[in-house]
Amino acid sequence: MRDAGVGGKRVLVRSDLNVPLEAGGVADDTRIRASLPTLQLLLDREAARVAVCSHLGRPKGEDPAYSMQPVRERLQELLADDRLQVLENTRFNPGETKNDPAFARDLVDGNDLFVEDAFGSVHRAHASTVGVAELLPAYAGLLLERELQELGKLLGDVEHPFVLISGGAKVDDKLGVLQNLGGKADAVLVGGKMAEQLRDDNPLPFDVVLPTDVVAASEFAEDAEARIALYDDLPKGWLGLDIGPETRETFAHHIADAQTIFWNGPMGVFEWPRFADGTKAVAEAVARADAYSVVGGADSARALTELGLEDEVSWLSTGGGAALELLEGKDLPGVAAIPAASC
Ligand code: 3PG
Ligand code: MG
């Protein structure tokens, strides 16, 4: 977009303003703040009007609970400019997720050019991410460019030791990344539900470091009876809901030695405070490491933010699924739709 002549032009921007909501307000504005540099640059360069669009949540048609109003208000607090507009949730129109050309035409109507800046959504081939890019001159925004550069470093030659840390519940989503990147990692540390699955059956052509001890719980409940147990001594019927102290130390040693780190996914049921310490220990170790460190995914990002460590990593990605698909080596439709992007 730095090369686009935007003076006097009407610009449509796709940002990822899909933020968590709570009590009718914005619960975390990270993605809104991450979208500001692109909007600011367009305004500084005298764009006549900047219309920002995004999806919010997964509404089934029009639904006031998913209105963009709270997002609009927060954005206007952060960047007040009469030329800036926030359009209504793109997913209120059923044409959005079908990449319906008629909806794409509605979106581009009255605009001269398009800027794609929604890194978190470029893995979706939707009207606002792909359809519009085929109707207007399309450019990559600053956040999209930076995300591709930072995450892209992991796809090229990396400095070793390269430590890959993976956790969380969406096991199948993450196996692809391990398959693509795990072979070039010197250590692959696995926690969370993913560890259970790989312990039973590891389809990967390399070894992974699994937890030796866990925070064991008598049932899957926030207030369950809990104690530290060696994995091999887990009482029958009990569940490991976090990595234990011995595992935290093992993981921290690997992380401290690393020159390159990618971390995605919590080590346990991080939303329950009694099972959050393992994830926090990993967050602290990654923040402390003197390495090129990239963190992706909402829970890992939240762990860092809650500890005030979000600025202590090299790159905190705004993408969850999009970051994973990029690192899996998949094509991102919203990037492929931008003619000049050769990423
Ligand atoms: C995300 O939060 O992962 C992106 O905004 C994409 O949202 P989606 O998974 O509902 O398409
Ligand atoms: Mg997602």
Side-chain angles (χ1 to χ4, degrees), residues 13-22 26-36 38 52-63 65-68 70-72 74-75 86-100 103-104 107 115-133 140-141 143-144 146-148 151 166-174 176-177 263-266 270-271 294-305 310 315-328 330-337:
V13 181
R14 175 55 156 102
S15 297
D16 190 330
L17 305 178
N18 179 30
V19 295
L21 298 173
E22 215 168 71
V26 172
D28 176 66
D29 66 0
T30 305
R31 280 178 165 175
I32 301 177
R33 285 185 285 106
S35 71
L36 295 176
T38 286
V52 192
C53 69
S54 175
H55 75 287
L56 180 60
R58 294 180 174 179
K60 311 251 172 295
E62 247 175 85
D63 179 347
Y66 293 98
S67 152
M68 291 299 280
V71 174
R72 184 178 293 125
R74 183 74 190 117
L75 183 57
V86 180
L87 305 185
E88 195 40 279
N89 191 340
T90 52
R91 288 192 185 164
F92 282 0
N93 189 308
E96 164 70 332
T97 53
K98 295 185 199 122
N99 190 12
D100 176 0
F103 181 49
L107 281 171
V115 173
E116 172 64 86
D117 206 28
F119 175 69
S121 305
V122 285
H123 58 316
R124 307 286 181 221
H126 292 173
S128 69
T129 55
V130 169
V132 294
L143 175 64
L144 176 60
R146 183 81 195 273
E147 289 271 14
L148 295 175
L151 287 158
S166 192
K170 299 176 184 164
V171 179
D172 296 336
D173 290 2
K174 286 163 194 170
V177 177
W263 173 34
N264 175 288
F270 166 76
E271 1 8 321
V294 179
V295 179
D299 290 308
S300 307
R302 193 171 139 202
L304 279 171
T305 312
E310 66 274 27
W315 185 245
L316 182 55
S317 179
T318 53
L324 293 177
E325 291 198 21
L326 176 71
L327 295 178
E328 264 178 67
K330 287 189 182 162
D331 252 349
L332 299 170
V335 176

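Ligands are counted one by one from 1 in listed order, and the atoms in each one are counted from 1 as well. The figures here come from the full heavy-atom set of this structure, side chains too, leaving out hydrogens, waters and symmetry mates.
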Provide the number and element of each atom of ligand 1 under 4.0 Å from a heavy atom of [X].
{"X": "R91", "answer": "8 (P), 10 (O), 11 (O)"}
{"X": "R58", "answer": "8 (P), 9 (O), 10 (O)"}
{"X": "R124", "answer": "8 (P), 9 (O), 11 (O)"}
{"X": "N18", "answer": "1 (C), 2 (O), 4 (C), 5 (O), 7 (O)"}
{"X": "D16", "answer": "4 (C), 5 (O)"}

Using only atom types and a distance under 3.5 Å, with no angle test, would you say the side chain of [X] pairs donor to acceptor with the backbone of [Y]?
{"X": "D331", "Y": "P333", "value": "no"}
{"X": "D28", "Y": "P20", "value": "no"}
{"X": "R31", "Y": "N18", "value": "yes"}
{"X": "E88", "Y": "M68", "value": "yes"}
{"X": "D117", "Y": "L143", "value": "yes"}

Counting only heavy atoms, which portion of R31 has something under 4.0 Å from ligand 1: side chain, backbone, both, or neither?
-> side chain
Check whether any N or O atom of H55, backbone or side chain, sits under 3.5 Å from an N or O atom of ligand 1, and answer yes or no.
->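 For ligand 1, there is an N or O atom that lies under 3.5 Å from one belonging to H55.
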Under 4.0 Å between a Lys/Arg side-chain N and an Asp/Glu carboxylate O for R14 and E96?
->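 Judged by the 4.0 Å cut-off on N to carboxylate O distance, R14 and E96 do form a salt bridge.
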Non-hydrogen atom of H126 closer than 4.0 Å to ligand 1 = no
So, does G120 sit close enough to ligand 1 that a heavy atom of it is under 4.0 Å from the ligand?
->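 The answer is yes, since G120 has a heavy atom less than 4.0 Å from ligand 1.
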Apply the test side-chain hydrogen bond (donor to acceptor under 3.5 Å, both in side chains) to residues E147 and S317: give CA-CA distance (whole Å), side-chain angles for both, the deciding distance (0.1 Å), then the verdict.
-> CA-CA 7 Å; E147 289 271 14; S317 179; 2.7 Å; yes
